Amino acid sequence: MKRVKVGLLGCGTVGGGVVRLLRQNGDVIRRRTGIDLSITSILVRDPMKERPDVDDDLVTTDPRHVVSNGCDIVVEAIGGIAEARAFIGEAIERGKHVATANKSLLALCGAGLFDAAAKRQVRIGYEASVCGALPIIRILRSGLAAQRVTSLRGVLNGTSNFILTLAGEERMSFDDALAIAQSKGFAEADPSLDVDGVDAAQKLKILAELAFGTEIDFDDIEVQGIRGIDSAAFERAAAHGQVIRHVATATRGCGGIRLSVVPEFLPASDPLARARYEENCVVIDTDAAGEMSFYGKGAGSLPTASALLADVIELART
Ligand code: NAP
Ligand code: HSE
């Protein structure tokens, strides 16, 4: 049995999920992979907060303690930019592999972090940063490695899809639906990132770079949020057998790659229309196989933790 120690940065929706899922499925992971994962320490901001699933002795407010406490791999689930970048940078400097769920950080400063990791010969796993439990990064990086992607469309934000589903199916107000999404832990600390399309655009940048093998400038993505959709729009959609979805699109054409995140009216037969609540869906068109659709829970505690632990296992294997 290979014993691998994990330092955990953050113990909220996602970090707390990592603790719970490891407790729930640690035996499955051991049996399947021969890897015994254990958490050495957990960074939080407020050490007095009730955390029923967590061993108090592991909790610390000192990030250095987490990245230097004899761990082999650091999992980042604190979110935000400056501190997450500093803590990941320190982990890399100390020669640790990193798994992160932080798409804002990757969209803004991924290149610098990947360079630093390559110099120290460590790796950064980021499956959890896009589409929660759905292994879309692996699908693009390895499953479709022999195919040329021509276009990619997706519902990439669980919170906005949750709001659009409740507004469309139950005529719930935007504010009420957002409040439920927040209470379920789907929304970002600043939910305007979700509803204004920034989070989906960050994820689209990550996916499009993998799909098309080229660097994408975030400012080239046309972004429109879902705040302006009124109840009449949902009535209109229903009258025509349609649904409204917040659709991220990347298409390769003669003029280059066109990227957008905009609300769209879709027929019920569209694969993206089938993504309900916090589900995500990605439809990829390739030269060799045509259209393929992938579905899964795109936000939430255990779904996201499952992607982080999948990265940890892959990093631990080598
Ligand atoms: P969250 O519930 O707010 O949890 C954040 C955790 O990090 C908390 O435990 C918090 O401590 C801790 N923390 C934050 N800043 C810190 C700092 N400067 N020093 C020490 N501890 C700090 O957030 P989340 O929803 O888990 O999201 C975390 C990351 O995962 C974000 O990058 C998000 O975009 C990404 N993500 C989230 C989801 C989802 O469904 N929520 C899905 C995929 C990816 P306290 O507990 O003491 O406040
Ligand atoms: N806030 C994000 C969402 C979390 O709602 O999709 C998952 O990345």
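Values in this document were obtained by computation on a predicted structure and should not be read as measured data. Just follow the structure's listing: the first ligand is 1, and inside any ligand the first atom is 1.
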Student: Are any of the N/O atoms in G12 less than 3.5 Å from those in ligand 1?
Tutor: yes

Student: With nothing but distance in play, are any N or O atoms of G300 less than 3.5 Å from an N or O of ligand 1?
Tutor: yes

Student: So which heavy atom in the protein is nearest atom 47 (O) of ligand 1, and how far is it from that ligand atom?
Tutor: D46 N, 2.6 Å

Student: Do the side chain of T251 and the main chain of S151 share a donor and acceptor less than 3.5 angstrom apart?
Tutor: no

Student: Is it true that D36 and R3 make a salt bridge, defined as a side-chain N closer than 4.0 Å to a carboxylate O?
Tutor: yes

Student: For atom 13 (N) of ligand 1, which of the options I78, L105, T304, N157 provides the nearest non-hydrogen atom?
Tutor: I78

Student: What protein heavy atom sits nearest atom 38 (C) of ligand 1, and how far away is it?
Tutor: V14 CG2, 3.5 Å

Student: So is C11 polar-close to ligand 1, meaning N/O to N/O under 3.5 Å?
Tutor: yes

Student: Holding to side-chain contact (heavy atoms from CB on, under 4.5 Å), I want the full list of residues that pass it with A201, two or more places apart in sequence or in another chain.
Tutor: F218, I221, V223, V261

Student: Please confirm whether the backbone N or O of F162 pairs with a side-chain atom of E278, one donor and one acceptor, at under 3.5 Å?
Tutor: no

Student: Does an N or O anywhere in R51 fall below 3.5 Å from an N or O of ligand 1?
Tutor: yes

Student: Take V66 and C71 through the side chain to side chain contact (heavy atoms under 4.5 Å, CB included) test and state the conclusion after the steps.
Tutor: CA-CA 8 Å; V66 177; C71 67; 5.7 Å; no

Student: Judged by atom type as modelled, is there a donor-acceptor pair below 3.5 Å linking the side chain of E127 to the main-chain atoms of I136?
Tutor: yes

Student: Tell me the protein heavy atom at minimum distance from atom 39 (C) of ligand 1, and give that distance in Å.
Tutor: G185 O, 3.6 Å

Student: With the threshold set at 4.0 Å, does a side-chain nitrogen-carboxylate oxygen contact exist between E235 and R171?
Tutor: yes

Student: Would you check the N or O atoms of E188, main chain and side chain alike, for any that come under 3.5 Å of an N or O of ligand 1?
Tutor: yes

Student: Using heavy atoms and a threshold below 4.0 Å, how should the contact between A84 and ligand 1 be classified: side chain, backbone, both, or neither?
Tutor: neither

Student: Check ligand 1 against A299 and write out every atom of the ligand that is under 4.0 Å from a heavy-atom position of the residue.
Tutor: 40 (O)

Student: Is D287 reaching over with its side chain to a backbone N or O of R148, donor-acceptor style, under 3.5 angstrom?
Tutor: yes

Student: Note the single closest protein heavy atom to atom 28 (C) of ligand 1, along with its residue, its atom name and the distance in Å.
Tutor: A77 O, 3.4 Å

Student: With a 4.0 Å cut-off, would you call K103 and E188 a salt bridge?
Tutor: yes

Student: To check your reading of the model: name the closest protein heavy atom to atom 15 (N) of ligand 1, its residue, and the distance in Å.
Tutor: R45 NH2, 3.1 Å

Student: Is it true that a side-chain atom of R23 and a backbone atom of D53 form a donor plus acceptor pair closer than 3.5 Å?
Tutor: yes

Student: Please check if a non-hydrogen protein atom sits closer than 4.0 Å to atom 3 (O) of ligand 1.
Tutor: no

Student: Quick check against the 3.5 Å criterion: does R153 have a side-chain atom that pairs as donor or acceptor with the backbone of L272?
Tutor: no

Student: When you pair each N or O of ligand 2 with protein N or O atoms, which pairs come out under 3.5 Å?
Tutor:
| residue | atom | partner | partner atom | Å |
| --- | --- | --- | --- | --- |
| ligand 2 | 1 (N) | F186 | O | 2.7 |
| ligand 2 | 1 (N) | E188 | OE2 | 2.7 |
| ligand 2 | 1 (N) | D194 | OD1 | 2.7 |
| ligand 2 | 5 (O) | G158 | N | 3.3 |
| ligand 2 | 5 (O) | T159 | N | 2.9 |
| ligand 2 | 5 (O) | T159 | OG1 | 2.7 |
| ligand 2 | 5 (O) | F186 | O | 3.1 |
| ligand 2 | 5 (O) | D194 | OD1 | 3.4 |
| ligand 2 | 6 (O) | N157 | ND2 | 3.4 |
| ligand 2 | 6 (O) | G158 | N | 2.7 |
| ligand 2 | 6 (O) | K203 | NZ | 3.0 |
| ligand 2 | 8 (O) | K103 | NZ | 2.6 |
| ligand 2 | 8 (O) | K203 | NZ | 2.8 |

Student: With a 3.5 Å distance limit and no angle check, can you tell me whether E76 reaches the backbone of I78 through a side-chain donor-acceptor pair?
Tutor: yes

Student: Is there a donor-acceptor contact under 3.5 Å linking the side chains of T60 and D62?
Tutor: no

Student: Is it true that a side-chain atom of E279 and a backbone atom of Y295 form a donor plus acceptor pair closer than 3.5 Å?
Tutor: no

Student: For ligand 1, find out whether one of its N or O atoms is nearer than 3.5 Å to an N or O atom of F87.
Tutor: no

Student: Tell me which protein heavy atom sits closest to atom 31 (C) of ligand 1, plus the residue, atom name and distance to 0.1 Å.
Tutor: G79 CA, 3.5 Å

Student: Which atoms from ligand 1 have a heavy atom of A128 less than 4.0 Å away?
Tutor: 43 (C), 44 (C)

Student: How far is atom 18 (N) of ligand 1 from the closest protein heavy atom, and which atom is that?
Tutor: E83 OE1, 3.0 Å

Student: Looking only at protein heavy atoms, identify the closest one to atom 19 (N) of ligand 1 and say how far it is in Å.
Tutor: L43 CD2, 3.9 Å

Student: Pick, from M48, K49, E76, the option with the minimum heavy-atom distance to atom 48 (O) of ligand 1.
Tutor: K49

Student: Between atom OG of S269 and atom CD of Q242, what is the distance when rounded to the nearest 0.5 Å?
Tutor: 10.0 Å

Student: Would you compute the distance between atom CD1 of I139 and atom CE of M292 and round it to the nearest 0.5 angstrom?
Tutor: 9.0 Å

Student: May I ask which of K184, Q202, K103 has a heavy atom nearer to atom 36 (N) of ligand 1 than the others do?
Tutor: K103

